[in-house]
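In what follows, residues are counted from 1 in the order of the sequence shown. Counting convention: from 1, in listed order, for ligands and their atoms alike.
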Amino acid sequence: MIGDKKALFSGMQATGNLTLGNYLGALKNWVNLCDEYECFYSVVDMHSITVRQDPAELRKRARALLTLYIAAGLDPEKNCIYYQSHVTGHAELAWILNCYTYMGELNRMTQFKDKSAKHADNINAGLFDYPVLMAADILLYQADVVPVGIDQMQHLELTRDIAQRFNSIYGDVFTVPEAYIGKQGAKIMSLQDPSKKMSKSDENPNASIYLMDDPDTIMRKCKRAVTDSEACVAYRDEQPGVKNLIDIYSACLNKTPAEVEKEFEGKGYGDFKMAVGEAVISVLKPLQDRVAELEKDKAYIDTVIKNNAEKAQYVSNKTLRKAQKKVGFPERPR
Ligand code: TRP
């Protein structure tokens, strides 16, 4: 809780290009959450360096992501959008929490296993400790809810375990967070293999529409999307490719699948795919224009970055000081 509102925390990595799936499935639905929750969205650049990054590229992408969030409609006066590395408490609380987390717990994390297999030449301590830094992110802001995908559930569970363990020793220090189950966004699948989620790390560039794709590229990818031989725009599990395109079209234009089926009754896949392409363009083009507009206003973005980092620092310090006191660190002379 922060004041009389529940707190919501989400972190996002600035690696890889965000996709239409990230937008329709998450970002777009977060815009109104600030009415109900005190929202914190952190660009988690400290997590990013657990795998090797090009420094200039990381800086550029981090800023692009932050700008995109604002362009997508997250008002930076009402949502705290900031860089993790600008707020000192993340590393400080992570250190404390490290001493309340077992090796065995971290060893079980499937993301650690996957990433160590993928980066066998750089299995560093930070990669192992990644979930503890994530726990610190969440607990610092006393987050009640965390919108996470299924791939981050194990980390959220661990966060809860750490919080409960700490609380059981020292009393109520941390809010034990829950997964945010609100209005769910559309789950968008790969355009080339509708059994897989659309992913920013897909090797096949035709599988995903990126938020910064130009209209021609978007149209081409839609036209190439995998369908089937039923030749019927129907929303059924037996036609996963078509179903996915209906989901995309519905989410872009705020229609129901039934309305879409009706609209394309008797029409072929060619027409339908064109319409999907146009619907996607009608959503992404304005978003891209807003990004371009914001990028021109360097001073504004810089102010947002500064003010929000200060706010995050202020809020997180309260929790940090509490935790430091509990574990026995001496009080700071004022
Ligand atoms: N690990 C998350 C991911 O890769 C990003 C993240 C970092 C996060 N800290 C967080 C997500 C805190 C939710 C809450 O997607």
Side-chain angles (χ1 to χ4, degrees), residues 2 6-19 21-23 25-27 29-30 33 37-51 53 58 61-62 65-66 68-69 74 79-87 89-95 97-98 101 105-106 108-116 118-119 124 126-163 174-182 185 187 197-202 312 315-316 319:
I2 299 198
K6 287 191 167 183
L8 178 150
F9 185 95
S10 181
M12 55 275 174
Q13 294 233 32
T15 42
N17 289 321
L18 287 192
T19 69
N22 297 123
Y23 181 69
L27 206 42
N29 309 285
W30 293 352
L33 292 179
Y37 299 97
E38 195 67 43
C39 295
F40 295 86
Y41 298 104
S42 182
V43 176
V44 292
D45 46 2
M46 290 164 66
H47 278 107
S48 294
I49 63 164
T50 56
V51 302
Q53 303 288 339
L58 177 60
R61 281 175 182 273
L65 183 60
L66 194 135
L68 180 73
Y69 270 61
L74 293 172
N79 299 271
C80 189
I81 307 172
Y82 73 98
Y83 295 125
Q84 185 185 33
S85 64
H86 281 187
V87 176
H90 292 259
E92 292 176 90
L93 183 62
W95 178 257
L97 299 181
N98 270 332
T101 308
E105 290 177 304
L106 294 178
R108 281 199 293 276
M109 296 293 120
T110 57
Q111 184 173 294
F112 172 68
K113 290 183 209 167
D114 292 349
K115 286 198 181 171
S116 349
K118 221 165 134 190
H119 305 279
N124 60 73
L127 190 66
F128 189 61
D129 201 34
Y130 181 114
V132 181
L133 179 59
M134 183 163 157
D137 296 344
I138 297 168
L139 300 180
L140 268 180
Y141 299 89
Q142 304 290 2
D144 296 271
V145 290
V146 181
V148 280
I150 185 91
D151 63 319
Q152 295 298 315
M153 268 319 245
Q154 198 184 27
H155 290 163
L156 184 60
E157 279 301 325
L158 178 66
T159 301
R160 290 168 54 84
D161 290 343
I162 296 171
F174 300 122
T175 301
V176 180
E178 284 177 20
Y180 172 73
I181 326 179
K187 186 169 178 208
K197 216 171 115 175
M198 185 180 282
S199 159
K200 58 184 177 181
S201 51
D202 204 306
V315 174
S316 59
T319 310

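Checked against ring-ring contact (aromatic ring centres under 6.0 Å, His included), H90 has the following partners two or more places apart in sequence or in another chain: Y82, Y141.
Surrounding NZ of K187 are at most 12 heavy atoms belonging to other residues, nucleotides or ligands under 6.0 Å away.
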>> Could you walk me through whether T15 and Q53 satisfy the side-chain hydrogen bond (donor to acceptor under 3.5 Å, both in side chains) test, starting with their C-alpha distance in whole Å, then the side-chain angles of each, then the deciding distance to 0.1 Å, before giving a yes or no?
In response: CA-CA 9 Å; T15 42; Q53 303 288 339; 5.1 Å; no
>> Could you walk me through whether F112 and F128 satisfy the ring pair (Phe, Tyr, Trp, His ring centres under 6.0 Å) test, starting with their C-alpha distance in whole Å, then the side-chain angles of each, then the deciding distance to 0.1 Å, before giving a yes or no?
In response: CA-CA 6 Å; F112 172 68; F128 189 61; 5.0 Å; yes
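Taking the six-membered ring where the residue is Trp, Y37 and Y180 present perpendicular rings, their angle passing 60° and hence far from 30°.
Within the listing of ligand 1, atoms 7 (C), 9 (N), 10 (C) sit less than 4.0 angstrom from a heavy atom of D137. Shown in contact with I138 at under 4.0 Å from a heavy atom are these atoms of ligand 1, numbered in order with element: 12 (C), 14 (C). Listed by number with element, the atoms of ligand 1 under 4.0 Å from a non-hydrogen atom of F9 are 12 (C), 14 (C).
For atom 13 (C) of ligand 1, the closest non-hydrogen atom on the protein side is G11 N, 3.5 Å. With respect to atom 10 (C) of ligand 1, the closest heavy atom belonging to the protein is M134 CG, 3.5 Å.
Polar contact with ligand 1: present for Y130 (N/O pair, distance under 3.5 Å). Every N/O-N/O distance between S10 and ligand 1 stays at or above 3.5 Å.
Within the structure, the salt bridge (charged side-chain N to carboxylate O under 4.0 Å, His left out) test picks out no pair touching residues 133-148 (sequence neighbours left out).
Between the T19 side chain and the G21 main chain, a donor and an acceptor come within less than 3.5 Å of each other.
Closest heavy-atom approach to atom 14 (C) of ligand 1 within the set T50, V44, T15, V146: this belongs to V146.
Under 4.0 angstrom from ligand 1, the non-hydrogen atoms of H47 all belong to its side chain.
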